[in-house]
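Each remark here refers to the structure printed beneath this line.
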Amino acid sequence: MKILLSGGAGFIGSHTYVELINAGHEAVIVDNLYNASEKVLERLETITGKPVTFCNADVSDKEAMRAIFAAHSFDAVIHFAGYKAVGESVRKPIEYYRNNLDTTLTLCECMREAGVRCIVFSSSATVYGPIETSPLVESMHPLDCTNPYAWSKSINERILLDVCTAMPDWSCALLRYFNPIGAHESGLIGEDPVGVPNNLMPYITQVASGKRERLNVFGNDYNTPDGTGVRDYIHVVDLARGHVAACEYLLSHKGAEIINLGTGIGYSVLDIVNAFQRVNDVPVPYAIVERRAGDMDSYYADPTKAKTLLGWQAEKTLDDMCRDSWRWQSKNPNGYRD
Ligand code: UD1
């Protein structure tokens, strides 16, 4: 298959690129490098041993996207491009809705013009809303979202479901990611947050490397075994393989499917800290602080549908996730900015 990866230079996009090439597919990366580095491209060439086809374009730029669709014969699109910071989305809702919806609509228009009918969308478990009944199943009726980022994912899902209803020869997978961490085992690509990390694992790796003094654990009075928040952490390479499986599935199936990509296993913040320290033999000083607004006790997937429909399940362990996150951080103390 030949696949367009919108936002393919980002954290999940770059790992998906590698797994697509490993599986014998062709991929074209379209990214405006707003939140990604050009260095990713040479790293991808090193990992795969093949030249990367890259288009520096904004996915909401219709003319640029038309030209890309005209130059290639795509079988499918995987749509990663979008803004992704929860806190920033609260401060900049207009920018978030404009960007995260325009990119999807432009892609859909270009796909229709070019006769491309398969799309995999990068959604998030955040669309389930503040629900307290894990494991989360795709058939659950989601509660209201709690921030514009989450709403933008939810509205994108709605758009793509409606598109598939109106055009029954289209197929679409809405992949709801749980908490992606880890990095490619080469240590050449990984997550590269700008400024102070919002998410747990990038914060831990920066504390372990001495860049930050200590981890603030947001609350230890949750209704969980050790009182700290429980999440479904998934290795980014497993997640990437889930996209390959979804693309392959879509080629022979019509209609839209919502699919969780998680492990089904919940780990607490302290489970992660302890595993990280043990596996990497490095200390992670931490302090328990106030709860972070909006956080929930437990949030983990029922991953049954992905297994049944796609034949995919996560294979990597928490130890793999901790080891690979640390290798990436150790080899690239300043991310791609070295
Ligand atoms: C967050 C986003 C979610 C997004 C996901 C991507 C929020 C409210 N939700 O999920 O929309 O899809 O990231 O991975 O931001 N923690 C600490 N100290 C820290 C950072 C985190 O104790 O410095 C704890 C949190 O309280 C939580 C767990 O670690 O219990 C995971 O937090 P995080 O990595 O931010 O992910 P989520 O909040 O689950």
For residues Lys84 and Asn35, determine if any side-chain heavy atom of one lies less than 4.5 Å from a side-chain heavy atom of the other.
yes
Any pair counted as side chain to side chain donor-acceptor pair (under 3.5 Å), so long as it reaches residues 182-192, sequence neighbours left out
His184-Ser186, Asp192-Arg337
Nearest-0.5 Å distance that lies between atom OG in Ser89 and atom OH in Tyr149:
9.0 Å
Would you say Val196 and Gln206 make side-chain contact, with heavy atoms under 4.5 Å?
no
Between the main-chain N or O of Gly264 and the side-chain N or O of Asp302, is there a donor-acceptor pair closer than 3.5 Å?
no
Given Phe276, which partner from the list Trp326, Tyr286, Tyr233, Tyr203 fulfils the ring pair (Phe, Tyr, Trp, His ring centres under 6.0 Å) test?
Trp326
Please evaluate residues Glu63 and Arg66 with respect to the criterion salt bridge (Lys or Arg N to Asp or Glu O under 4.0 Å), reporting the C-alpha separation (whole Å), side-chain torsions for both, the decisive distance (0.1 Å), and the verdict.
CA-CA 5 Å; Glu63 289 317 309; Arg66 254 197 193 129; 2.8 Å; yes
Taking the side chain as every heavy atom from C-beta outward, state whether Glu138 and Tyr128 have any atom pair closer than 4.5 Å.
yes
Can you tell me if Arg327 uses its side chain to pair, donor with acceptor, with the backbone of Gly187 under 3.5 Å?
no
Would you mind telling me which of Val90, Val86, Asn100 makes a side chain to side chain contact (heavy atoms under 4.5 Å, CB included) with Pro148?
Val90
Applying salt bridge (Lys or Arg N to Asp or Glu O under 4.0 Å), which residue pairs with at least one partner in residues 139-166 are found, sequence neighbours left out?
Glu157-Arg176, Arg158-Asp162
Just say parallel, tilted or perpendicular for the rings of His243 and Phe80, cut-offs at 30° and 60°.
tilted
Report yes if some heavy atom in the side chain of Leu33 is under 4.5 Å from a heavy atom in the side chain of Phe54; otherwise report no.
yes
Non-hydrogen atoms of Ala183 and Val237 that approach each other most closely:
O-CG2, 4.2 Å
Rounded at 0.5 Å granularity, tell me how far CG in Leu261 sits from CZ in Phe178.
9.0 Å
Can Tyr177 and Ser123 be counted as having a side-chain donor-acceptor contact under 3.5 angstrom?
no
Centroid separation under 6.0 Å, is that true for the rings of Tyr34 and Tyr83?
yes
Okay, side chain of Ser14, backbone of Phe11: is any donor-acceptor separation there less than 3.5 Å?
yes
Does the cation-pi check pass for Arg291 over Tyr222, that is, NZ or CZ under 6.0 Å from the six-membered ring centre and within 45° of its axis?
yes
Donor on one side chain, acceptor on other, His72 and Glu26, under 3.5 Å
no
Any donor-acceptor pair under 3.5 Å from Lys39 side chain to Tyr336 backbone
yes
Apply side-chain hydrogen bond (donor to acceptor under 3.5 Å, both in side chains) to Glu315 and His235, showing your working.
CA-CA 9 Å; Glu315 281 163 6; His235 196 295; over 6 Å; no
Using a distance-only test with no angle check, is there a side-chain donor-acceptor pair under 3.5 angstrom linking Asn198 and Arg292?
no
Within the 4.5 Å heavy-atom criterion, are Ile21 and Lys50 side-chain neighbours or not?
yes
Please determine if Asp238 and Lys316 form a salt bridge, counting it only when a charged side-chain N lies under 4.0 Å from a carboxylate O.
no
d(Met65 CE, Leu107 CG) to nearest 0.5 Å is 5.0 Å
Nearest heavy-atom contact between Asp61 and Thr106 is C-CG2, 4.3 Å
Leu239 with Trp328, same ILVMFWY side-chain cluster at under 4.5 Å
yes
Contact between Ile47 and Ile189 at the side-chain level, heavy atoms closer than 4.5 Å - yes or no?
yes
Would you say the side-chain atoms of Thr228 and Asn220 include a donor-acceptor pair closer than 3.5 Å?
no
Is the closest basic N to carboxylate O distance between Glu257 and Lys305 below 4.0 Å?
yes
Would you say the side-chain atoms of Asp297 pair up with the backbone N or O of Asn223, donor to acceptor, closer than 3.5 Å?
yes
For the rings on Phe69 and Phe74, is their centre-to-centre separation under 6.0 Å?
yes
Drop me the distance from Cys55's SG to Asp58's CG, to the nearest 0.5 angstrom.
13.0 Å
Is any NZ, NE, NH1 or NH2 atom of the basic residue among Glu113 and Lys62 found under 4.0 Å from an Asp or Glu carboxylate oxygen of the other?
yes
Give the minimum heavy-atom separation between Ile288 and Gly219, together with the two atoms involved.
CG2-C, 4.2 Å
Stepwise, does the salt bridge (Lys or Arg N to Asp or Glu O under 4.0 Å) test hold for Lys2 with Asp75?
CA-CA 5 Å; Lys2 187 168 192 180; Asp75 299 293; over 6 Å; no
Check whether Val279 and Met201 end up in the same hydrophobic cluster, where Ile, Leu, Val, Met, Phe, Trp and Tyr are linked by side-chain heavy atoms less than 4.5 Å apart.
no
Asn99 side chain vs Glu95 backbone, donor-acceptor pair below 3.5 Å:
no
Main chain of Tyr300, side chain of Ser134: is a donor-acceptor contact present, judged purely on distance under 3.5 Å?
yes
Using the side chain to side chain contact (heavy atoms under 4.5 Å, CB included) definition, which of the options Ile3, Thr53, Leu44 pairs with Ile29?
Leu44
Any donor and acceptor pair, going by atom type alone, linking the side chain of Asn274 with main-chain N or O of Asp271 inside 3.5 Å?
no
Assigning hydrophobic clusters by single linkage (Ile, Leu, Val, Met, Phe, Trp, Tyr; side-chain heavy-atom cutoff under 4.5 Å), is Ile78 placed with Leu250?
yes
Ser124 OG to Asn179 CG distance, which is reported to the nearest 0.5 Å:
8.0 Å
Students often mix this up, so state it plainly: with edges at 30° and 60°, are the rings of Tyr249 and His253 parallel, tilted or perpendicular?
parallel
Could you state the interatomic distance from OG1 (Thr48) to CG (Leu20), rounded to the nearest 0.5 Å?
11.5 Å
Can any side-chain N or O of Asp232 pair as donor or acceptor with the backbone N or O of Ala301 at less than 3.5 Å?
yes
Under the side-chain hydrogen bond (donor to acceptor under 3.5 Å, both in side chains) rule, collect the residues that match up with Ser6, sequence neighbours excluded.
His79
Joint cluster assignment, Val137 & Ile258, ILVMFWY side-chain distance < 4.5 Å
no
Any non-hydrogen side-chain atom of Val230 less than 4.5 Å from a side-chain atom of Tyr299?
no
Does Ser154 use its side chain to pair, donor to acceptor, with the backbone of Ala150 at less than 3.5 Å?
no
Report yes if the side chains of Ile204 and Val273 come closer than 4.5 Å at any heavy-atom pair, otherwise no.
yes
Taking every heavy atom of Ile131 against every heavy atom of Met296, the minimum-distance pair comes out as N-SD, 3.6 Å
Any chain of hydrophobic side-chain contacts (each under 4.5 Å) joining Leu309 to Leu160?
no
